[in-house]
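Just so we're clear, the structure is a prediction, and the values are computed from it rather than from any experiment. Residue indices begin at 1 and follow the sequence shown.
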Amino acid sequence: MKKIRDLSAGSFLKLLFACFTAAFLIAAVVMPDRGEMFSGLWQMMSQPGKVSTNFFSLGGYAATFLNIGLVCLVCTALYCLPGTTVNNVSTLAFFLTAGFSAWGITILNIWPTFLGVALYCLVKREKLSAQVNAMLFSTGIAPLITDLLVRYPGLEAAGFSWQGILLALGVGLVIGFFLPAALPHSPKVHKGFDLYSAALPVGVTAFFLQALLYKTMGVTIPDAPASDTLQVASWPIANVFCFVVFGLCIVFALAMGCKPGAYRDLLRDPALGTDFSKKYGKAAMLMNVGLYGLFIVAYYNLIGATFNAVTFGCIFCMLACCNSGSNPWTVWPIMVGYGAMSLIMGWLSGLAGGEFAQAINAQAIVVGLCFANGLSPISGTYGWPFGILAGAMHYALVTSVPAMHGGFCLYNGGFTAIFVCLLLVPQLERFTKTKAERKAARLTRR
């Protein structure tokens, strides 16, 4: 344990990534349908994965865990390249990619955009190790790559063809090549108040490509998977895996010497531009992984979410911010905002004679809340009432944004959070003091 405590923050994060990778791979071989693991993986790679595709239904439980494990293995290997800086952004990129590997990313559709980032590095004469985060973020448009591979311009999967392979490769190269230049500009738009910062360039790229490849050419955008596929779910598999993995994180954090005071300070952090592992130590960050992970699972159990692969993946997508600003204290107001808005809109829908389909445990809302936690800096900086407001605004917008990108952007909720920031943050800066400013004013009056 002393050797682990003595690791640098970056080396510790690489070890954490490796442990989660091993957990997913071990889970794959103990699943009840492990006999169909490889055939299920092929099914996942060769069928469309447009949002929201339930990989538990498409390929099975073992195949889903195998896919997540293989993708995580590739990501961990990339972070082990000499000269790679591993930090809070890497934590976000890794867990986002892991989560989406349950419902959109496969071990096949990551490569075209990866190659695009590699091409960027070759042209700009940069080391590949400097753009590993960009490689992982480029997979946010993976469902479009699969569609181009197996069915474009049709509505049904027709299998692999040379035309599809070349088209997917060409589009992937373009996406990956231009993304590294766009990523540093995103924080300037939302001022750091959306932890899913990569969602802006990925979302805008998806918007442009769906317009170019579909709307402009008069090609019909395929529908999302049938809703009944989302009913293939397993409460025991999702919950047992999460309870074991997150429980072990807590145990190891305690063994590493996590102090209550350090974690208490982490909970009180404004969550704006922070790196928990460097600021509060590896043990406190690992404690947040465990406690925040269990907090997410508890919330999904409380609202009665269906534990399909989409919900399971959302747990890890939401966990992605665990090193950047999200924790139970900054996220609970956003959850309350979602719940309150669901009740209000259900009541208003009844008055207006509408057909309300956005209950708090509806799949689209379950997914939306996952990425609303990216607004943690609002509640952390301005206080819980404004976190509730941010959550309510995100709830109102999240199901309307997919029309912009055709359902091809996995970062839909993070993209929605950008719009919340554009609407809310200027007003907060003009009319509201931060928690720190209010505290300083109280001390001055004394």
Roughly how far apart are [X] [atom1] and [Y] [atom2], rounded to 0.5 Å?
X: T85; Y: L13; atom1: OG1; atom2: CG; result: 11.5 Å
X: S342; Y: L369; atom1: OG; atom2: CG; result: 11.0 Å
X: M135; Y: C121; atom1: CE; atom2: SG; result: 7.5 Å
X: L78; Y: L128; atom1: CG; atom2: CG; result: 7.0 Å
X: T416; Y: Y196; atom1: OG1; atom2: OH; result: 12.0 Å
X: N373; Y: L319; atom1: CG; atom2: CG; result: 9.0 Å

N109 and T146: side-chain hydrogen bond (donor to acceptor under 3.5 Å, both in side chains), yes or no, with the steps? CA-CA 6 Å; N109 63 21; T146 299; 2.9 Å; yes
Verdict with reasoning, D269 to K279, per side chain to side chain contact (heavy atoms under 4.5 Å, CB included): CA-CA 10 Å; D269 193 279; K279 192 171 182 180; 2.7 Å; yes
How about [X] and [Y]: do any of their side-chain heavy atoms sit closer than 4.5 Å?
X: C242; Y: F316; answer: yes
X: F356; Y: L348; answer: no
X: L375; Y: F193; answer: no
X: L230; Y: T306; answer: no
X: C19; Y: F252; answer: no
X: L213; Y: V219; answer: no
X: L92; Y: C321; answer: yes
X: N88; Y: K278; answer: no

Answer yes or no: is there a donor N or O on one side and an acceptor on the other, between the side chain of [X] and the main chain of [Y], under 3.5 Å?
X: T53; Y: K50; result: yes
X: T106; Y: L108; result: yes
X: S379; Y: G387; result: no
X: K191; Y: V425; result: no
X: T64; Y: F55; result: yes
X: T84; Y: C80; result: no
X: S90; Y: N87; result: yes
X: N323; Y: F276; result: yes
X: Y300; Y: V366; result: yes
X: Q210; Y: M404; result: yes

Please set out all donor-acceptor pairs under 3.5 angstrom arising from side-chain atoms of residues 153-181, sequence neighbours excluded.
residue: S161; atom: OG; partner: G164; partner atom: N; Å: 3.1

Quick note, ring pair (Phe, Tyr, Trp, His ring centres under 6.0 Å) partners involving residues 62-90, not counting sequence neighbours, are F17-Y79, F65-F241, F65-F312
Are F20 and F95 an aromatic pair by the rule of ring centers under 6.0 Å?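 When the ring centroids of F20 and F95 are compared, they turn out to be within the sub-6.0 Å range.
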Any luck finding a side-chain donor-acceptor pair between [X] and [Y] under 3.5 Å?
X: Q363; Y: S52; result: no
X: T229; Y: S57; result: no
X: S277; Y: D275; result: yes
X: N288; Y: Y280; result: no

Whether F295 and Y292 hold their rings parallel, tilted or perpendicular, with breakpoints at 30° and 60°: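 Judged by the thresholds at 30° and 60°, the geometry between F295 and Y292 is parallel.
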Stepwise side-chain hydrogen bond (donor to acceptor under 3.5 Å, both in side chains) test for N301 and W235: CA-CA 9 Å; N301 276 283; W235 185 96; 2.6 Å; yes
CA sep, side-chain torsions, deciding dist, call: Y411, S197, side chain to side chain contact (heavy atoms under 4.5 Å, CB included): CA-CA 10 Å; Y411 296 171; S197 191; over 6 Å; no
Does F386 form a side chain to side chain contact (heavy atoms under 4.5 Å, CB included) with L424? I'd like the steps, not just the answer. CA-CA 9 Å; F386 301 100; L424 185 58; 5.7 Å; no
Atom pairs and distances, donor-acceptor, side-chain atoms in residues 30-49, under 3.5 Å, two or more places apart:
residue: D33; atom: OD1; partner: A62; partner atom: N; Å: 3.0
residue: D33; atom: OD2; partner: Y61; partner atom: N; Å: 2.8
residue: R34; atom: NH1; partner: M31; partner atom: O; Å: 3.0
residue: S39; atom: OG; partner: E36; partner atom: O; Å: 3.1
residue: S46; atom: OG; partner: W42; partner atom: O; Å: 2.8

In a check of ring pair (Phe, Tyr, Trp, His ring centres under 6.0 Å) between F371 and each of F100, F415, Y338, which one passes?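 So, applying the ring pair (Phe, Tyr, Trp, His ring centres under 6.0 Å) to F371 and each of F100, F415, Y338, only F100 qualifies.
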Can a salt bridge be assigned to the pair R151 and D147 using a cut-off of 4.0 Å between side-chain N and carboxylate O?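 So R151 pairs with D147 through a salt bridge.
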Take L136 and L96 through the side chain to side chain contact (heavy atoms under 4.5 Å, CB included) test and state the conclusion after the steps. CA-CA 9 Å; L136 269 62; L96 261 185; over 6 Å; no
